[in-house]
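Contents: one structure, followed by commentary.
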Amino acid sequence: MRTWLFKTEPNDFSIRDLRDAPDQMTGWDGVRNYQARNRLRDEIQDGDRVLIYHSRGRNPSIVGEAQVVSGPYPDPTQFKPDHPGFDARSSEDMPRWFQVDLRFVALYQTPLSLADIREVPEFADMELLVHPRLSIQHITDRQYQQIIARCEPELAARSPLIPAFT
DNA sequence: GCCAACGTTGGC
DNA sequence: GCCAACGTTGGC
């Protein structure tokens, strides 16, 4: 299982929206960037862990956790002419944009802000700092451990290797 | 394939 | 809301 970080603008869709959604699940639609698309389509697997990052807020932060609960499939909004995600170059047999389904796992006790991330030397090579525009980012196991140690200290103390919500 | 113009992102 | 950085488009 790998860990990813998905960015979202909380005004548009927040982790609380995911928590409150039917079955606490949502299709992660709207990704319109090729590098992010390739990861959704080719790398991300059912069961992978996803950290939710709120961008553009008062205090941009990693705020919680979700789980991938599907394989990749075509983003249906690309086919809807009235939808902002519509893409006339896509067709049902040649879809251009893909998504996965996420299920809510947890709101972190202590969100980890971008400002804090910048101050930790071990986070210097995080994609969030190196490629800040990429909306689907990979998180290494080591980075995850350090994130969870800050966001969920009790959980991390209980299971120091790869802490997991169960 | 270059690159200027344009659109979008996202921290501040 | 500003604006710098980045990604995409499309004429040539």
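In what follows, every chain begins at residue 1, and chains take the letters A, B, ... in the order their sequences are listed.
- The CD atom of A:Glu127 sits 14 Å away from the P atom of C:dC6 (whole-angstrom rounding).
- B:dT8 atom P lies 12 Å from atom CD of A:Glu9, rounded to whole Å.
- Contacts between residues 31-40 of chain A and DNA chain C, defined by a heavy-atom separation under 4.0 Å, are made by A:Asn33, A:Tyr34.
- Taking only side-chain atoms of A:Arg118, from C-beta outward, the nucleotide of C:dC6, B:dG10, B:dC12 with the closest atom is B:dC12.
- Remark: A:Glu152 engages no residue in a salt bridge (charged side-chain N to carboxylate O under 4.0 Å, His left out) (not counting sequence neighbours).
- Look at CG on A:Leu114: it is 18 Å from P on B:dT9, rounded to the nearest Å.
- Donor-acceptor pairing under 3.5 Å, judged by distance alone, is present between the side chain of A:Arg133 and the base of B:dT8.
- Dashed line: the shortest gap from a side-chain N or O of A:Tyr53 to OP1 or OP2 of B:dG11 is under 4.0 Å.
- In this structure, the CZ atom of A:Arg89 is 10 Å from the P atom of C:dT8, given to the nearest Å.
- Regarding A:Gln137, its CD atom lies at a distance of 14 Å from the P atom of C:dC6, rounded to whole Å.
- Per the geometry, CD1 belonging to A:Ile62 stands 12 Å off P belonging to B:dG11, to the nearest Å.
- The shortest side-chain heavy-atom distance between A:Glu43 and A:Ile136 does not fall under the 4.5 Å cut-off.
- Geometrically, A:Arg49 engages A:Tyr144 in a cation-pi contact, judged by NZ or CZ lying under 6.0 Å from the ring centre and within 45° of the ring axis.
- Residue-level contact check: A:Arg58 touches neither bases nor backbone, having no heavy atom under 4.0 Å from any strand.
- When each of A:Arg96 and A:Pro132 is assigned the nucleotide of DNA chain C with its nearest heavy atom, A:Pro132 is the one assigned upstream, toward the 5' end.
- Taking atom CD1 of A:Ile117 as the reference point, atom P of B:dC12 lies 11 Å away to the nearest angstrom.
- Rounded to whole angstrom, the span from the NE2 atom of A:His131 across to the P atom of C:dA4 amounts to 22 Å.
- Counting only heavy atoms from C-beta outward, the side chains of A:Tyr73 and A:Pro95 never approach each other to under 4.5 Å.
- Between A:Phe123 and A:Gln143, the shortest heavy-atom contact is CE2-O, 4.0 Å.
- A:Phe98 has its ring centre no less than 6.0 Å from the ring centre of A:Trp28.
- Contact between A:Pro160 and A:Gln145 at its shortest, heavy atoms only, is O-NE2, 3.4 Å.
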